[in-house]
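The structure under discussion appears below in the form of C-alpha cells.
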Amino acid sequence: MPRAPAHPSPLRPAPFRLASLRLSLATTLALALSSPVVPALAQNAAPTIAVDRPMAPPDWALAERRLMDLNAQGVAMFVARYVDGRGYLKGPEHWGITDGPDDSVEPIRNWPLAHALGGPESIIRSWQFVWEGHVNQYSRARVPEVESAKDGIYQREFMPSFDWEHIGEGLSGFYFYGLSQPDDPAYATRLRRFAGFYLGEDPAAPNYDPKLKIIRSLFNGSKGPNLGAPTPTDWDGPPVPGGNPARRTRFLKATNIKGDHPLNLGSTNLAMNAYMVTGDTKYRDWLLGYVDAWKDRIARNGGNIPSNIGLDGSIGGEWGGKWYGGVFGWNSPDEGIRNYVLRGPPEAFGNALLLTGDQGYTQVLRRQIDNLYAQKRQEGGKTLIPVYHGDKGWYGYYDVDGRSPGLGNRRDVEEDIYLWSLNPADLDRLSKNPWIGWLRGGDPSYPFRALQADIEGLRKAAEILRHDDSSMGYPPDDTRWANSNPVATTALINLTMGSPDPGGSGHGPLALHAQVRHFDPVAHRAGLPPDVAALVEKIRLESVVLTLVNTNALEPRTVTVQMGAYGEHQATSVQIGTAAPRKVDAAAFTVKLAPGAGETLTIGIRRYANQPTLTFPWDR
C-alpha cells in the first residue's frame with residue numbers, strides 16, 4: 001500500500017547534495033522469503049547501540065581506510081590526465097563497440113561505488129563532473145555515416161539505438177550514482193526519461209511491445225528499435241586510421257537483429273532505479289511483467305535461455321524457430337564466440353528477486369547452469385562444460401575453472417546464485433572462490449590480503465596512467481585506457497557489505513545484493529563515516545556477523561547500519577559478543593562507537609522483508 005509522499009528534509013548539510021526534491025518510496029512491505037508481496041507493515045524507529053569495548057585496529061581495518069583514501073587520490077590523477085576543463089575526455093569521439101561512448105566512461109564506472117562505500121566527497125564530485133561532460137561531449141558529436149548517430153552519438157542523453165551489452169556498460173556509473181545522490185532531481189528526471197523509452201511512454205522510442213512483452217530488436221534506445229540489417233559501420237562506426245582491420249569484418253554476418261534478446265533484460269535496471277528513487281509502482285509493474293514473460297519462455301524451453309524471441313513472440317521466431325539463434329546468442333554469427341546469454345538475465349532476475357523475495361527468479365539462473373553441467377565431460381582430470389549450442393547440439397567445451405569467450409561471466413553468476421539464495425547445494429561449484437571460502441571459516445588473513453591485492457592493482461593502474469604518453473587519452477584499441485583506472489572497490493564491496501561486486505563490464509551492472517550497507521548519520525551521506533571500518537565475517541540465512549571498529553583513538557564515531565543495499569532486509573535482533581540478543585525490528589539501526597572501540601555483532605535477519613529503496617534510512 002503506497003503512502004503519501006514525505007516532506008523533503010529542510011536541511012541537507014552534505015557539501016555536494018542538491019536540494020531534496022525526492023518523493024519517499026512506498027511503505028516498506030513485508031515479503032515472504034519466496035512468495036509474492038504481502039501487506040505492508042510500518043517501520044519501527046531505528047534503535048541505537050553503544051559500543052565502548054576497546055579494540056586495537058586490525059590490519060584489515062587500517063587497510064580499508066587506506067584504500068578509501070587512495071581511491072580519492074586515484075580519481076584526482078585520472079581527471080588531471082584524461083579530462084579537460086569542460087569535463088570532456090581527451091580523446092576522439094567514436095561510435096561503436098570497439099571504442100564507443102560506453103568505453104569512454106567504462107573505466108570510471110566504480111567511482112560512485114567508491115564514494116558510497118565511504119570515500120571522500122571529492123570522488124562523487126569528480127564523477128559527476130566527468131559524467132556530465134561526457135554526456136555533453138557525445139551529444140554534440142555527430143557520425144554522418146551511421147544513420148542512428150547522424151544527429152548525435154547521444155540523443156536525449158542516451159544511445160539512440162544500440163545493444164544492451166554496451167548501453168549497460170555505459171550506464172554502470174549512472175546507476176551507482178543513485179547510491180550516494182538519490183535526491184538529485186536531475187537523476188530522477190533522467191531515470192524517468194530513460195525508463196520511459198521502454199515503458200511505451202515515448203512515441204519516438206517504440207522499443208517495447210506491451211502485448212507480447214518483448215523489446216523488438218537487439219538495437220534499441222532513445223530513437224527506438226532498429227528493424228533493418230545493420231552494416232559493419234552501424235556496429236562499429238566508420239573506418240579509423242590505424243585501427244584494427246578486424247573491426248570492419250567481425251560483423252559482416254551479424255545482420256539479423258530483429259526480435260528480443262536476453263541482453264535486453266539489462267534495460268530493467270532503468271525501471272528498477274526509477275522505482276527505488278520515485279516510488280512509482282508503474283516501474284515495478286513493468287519490470288516484473290517483462291521479466292515474468294522471459295521466465296515463462298525459459299521454462300517452456302527446458303530451462304535454456306533462448307537467444308532470440310521473434311517479433312511474433314515465439315521462441316526463435318526470427319531464426320527459423322531455433323531457440324539458440326541470434327547475434328550474441330548460443331552460436332552467434334559475428335565470429336561464433338560471443339555468447340552473451342548470461343548478460344542481462346542476472347540483472348533482471350536479480351532485480352525481480354529484490355522486489356518480491358521470490359527465489360523462483362534465482363532458480364531460473366540455477367537451472368540454466370544445471371543444464372550446462374548436465375553435459376559435462378572429464379578430460380585430463382578436468383571437468384569441461386559447453387558454452388555454445390548449434391544445429392548439432394552442445395559444443396565448445398571449456399574447463400569449468402577457466403574463462404571462456406562465451407558465457408565468460410558464468411563463475412560470477414554461480415556466485416550470485418549462492419549469495420542470493422544461501423542454498424548450501426550451490427557451494428560445490430564455488431570451492432575455489434577465496435572470498436566465499438573465507439566466509440565459511442577459511443584463512444583469517446584473507447580480508448587483509450584481499451585489500452592488499454586491490455591496493456596493488458590500484459598502484460599498477462596508476463603506473464599505466466602515469467606513463468601513458470599518448471596525446472589523445474584513449475586511442476582506438478588501446479588496452480591502456482581500460483586498465484588505467486586507479487580506483488579499486490571489489491574487496492571493499494565484498495568485505496564491508498557482504499556483497500558480490502556488481503560489475504559493469506562483462507558481468508552486470510547488477511544491483512547490489514548486499515547483506516548490509518553503511519551510512520554516516522552525522523554528515524547525512526552514504527558510506528562508512530571517517531575512521532570507521534567494517535567487516536562482514538559470516539553470512540547465514542538467518543543472521544549476519546559484522547565487526548565494526550573505530551580506528552580513531554581520540555574521537556567517537558557514529559554509523560548507521562542498513563540491512564541490504566536498499567533496505568530490503570529487516571534486522572530482527574542484534575547480539576554483541578556473548579550477551580543476550582537485543583530485539584530489533586527495523587531495516588536499519590545506529591551504532592555509537594567510543595574512541596578506539598570495536599565489536600562483533602551478530603545480526604538476526606529476515607530477508608526480503610521490505611521493498612527496496614534508495615532513500616536514506618533517516619528519510620524513510
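FYI, the numbering just counts along the sequence from 1. Computed from a predicted structure; not experimentally measured.
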Do Leu601 and Phe589 have side chains that approach each other closer than 4.5 Å (heavy atoms only, starting at C-beta)?
yes

Treating Arg429 as the side-chain partner and Asp426 as the backbone partner, does any N or O pair qualify as donor plus acceptor under 3.5 Å?
no

Go through the side-chain N and O atoms of Asn409 and His507 and say whether any donor and acceptor fall under 3.5 Å apart.
yes

Minimal heavy-atom distance between Leu512 and Pro500, with the atoms involved, is CD2-O, 4.4 Å

Under the side chain to side chain contact (heavy atoms under 4.5 Å, CB included) rule, what do Leu419 and Ile436 come out as? Steps first, then yes or no, please.
CA-CA 9 Å; Leu419 289 166; Ile436 300 298; 4.0 Å; yes

Full working for side chain to side chain contact (heavy atoms under 4.5 Å, CB included) between Trp127 and Ile123:
CA-CA 6 Å; Trp127 182 86; Ile123 295 176; 5.6 Å; no

Do Arg284 side-chain atoms and Tyr275 backbone N/O form a donor-acceptor pair below 3.5 Å?
no

I'd like to know if the side chain of Gln452 pairs up with that of Arg449 as donor and acceptor (distance under 3.5 Å, no hydrogens or angles considered).
no

Can you confirm whether the side chains of Arg540 and Ser543 place a donor and an acceptor under 3.5 Å from each other?
yes

Given the options Tyr283, Phe176, Tyr175, Asn273 meets side chain to side chain contact (heavy atoms under 4.5 Å, CB included) only with Tyr175

Let me confirm one number: the CD-CD distance from Gln128 to Gln181, rounded to the nearest 0.5 Å.
7.0 Å

Contact between Glu599 and Thr547 at the side-chain level, heavy atoms closer than 4.5 Å - yes or no?
no

Flag, side chain of Asn550 to backbone of Ala594, donor-acceptor distance under 3.5 Å:
yes

Are Val549 and Leu535 packed together at the side-chain level, in the sense that at least one heavy-atom pair is separated by less than 4.5 angstrom?
no

Steps toward side-chain hydrogen bond (donor to acceptor under 3.5 Å, both in side chains) verdict (Gln515, Arg607)
CA-CA 9 Å; Gln515 308 302 306; Arg607 298 182 178 278; 2.9 Å; yes

Do Val532 and Val591 have side-chain heavy atoms sitting under 4.5 Å apart?
no

Less than 4.0 Å between a side-chain N and a carboxylate O, is that true for Glu414 and Arg410?
yes

Among Tyr608, Trp420, Tyr418, find the residue that satisfies the ring pair (Phe, Tyr, Trp, His ring centres under 6.0 Å) test when tested with His513.
Trp420

Would you check if Gln562 and Arg517 make a side-chain contact, meaning some heavy-atom pair closer than 4.5 Å?
yes

Determine the sole option in Asn269, Val277, Thr278 for which the side chain to side chain contact (heavy atoms under 4.5 Å, CB included) test with Leu191 is passed.
Val277

Determine the interplanar angle of the Tyr187 and Tyr177 rings, folded into 0 to 90°, and report it as parallel if under 30°, tilted if 30 to 60°, perpendicular if over 60°.
perpendicular

Should Glu64 and Leu117 count as side-chain neighbours, where that means a heavy-atom distance under 4.5 Å?
no

Do Phe194 and Phe174 have ring centroids that are under 6.0 Å from one another?
yes

Between the side chain of Asn610 and the main-chain N/O of Gly567, is any donor-acceptor distance below 3.5 Å?
yes

Please table the atom pairs, donor to acceptor, closer than 3.5 Å between any side-chain atom in residues 488-495 and protein atoms at least two apart or in another chain.
{"residue": "Thr489", "atom": "OG1", "partner": "Asn110", "partner atom": "ND2", "Å": "3.3"}
{"residue": "Thr490", "atom": "OG1", "partner": "Asp501", "partner atom": "OD2", "Å": "2.4"}
{"residue": "Asn494", "atom": "ND2", "partner": "Ser499", "partner atom": "O", "Å": "2.8"}

On a heavy-atom basis, which atom in Trp60 and which in Pro447 lie closest, and how many Å separate them?
CB-CB, 4.1 Å

CA sep, side-chain torsions, deciding dist, call: Tyr566, Met276, side chain to side chain contact (heavy atoms under 4.5 Å, CB included)
CA-CA 8 Å; Tyr566 313 104; Met276 292 194 295; 3.6 Å; yes

Taking side-chain contact (heavy atoms from CB on, under 4.5 Å) as the definition, give me every residue that meets it alongside Ala462, ordered by chain and number, with sequence neighbours left out.
Met77, Arg466, Pro486

Start with the C-alpha gap between Leu546 and His518, add the side-chain angles, then the distance that decides, and say whether side chain to side chain contact (heavy atoms under 4.5 Å, CB included) holds.
CA-CA 11 Å; Leu546 171 69; His518 310 286; 4.0 Å; yes

For Pro521 against Trp618, the heavy-atom pair lying closest together
CA-CZ3, 3.7 Å

Separation between CE (Met68) and CG (Asp531), nearest 0.5 Å, reads 11.0 Å

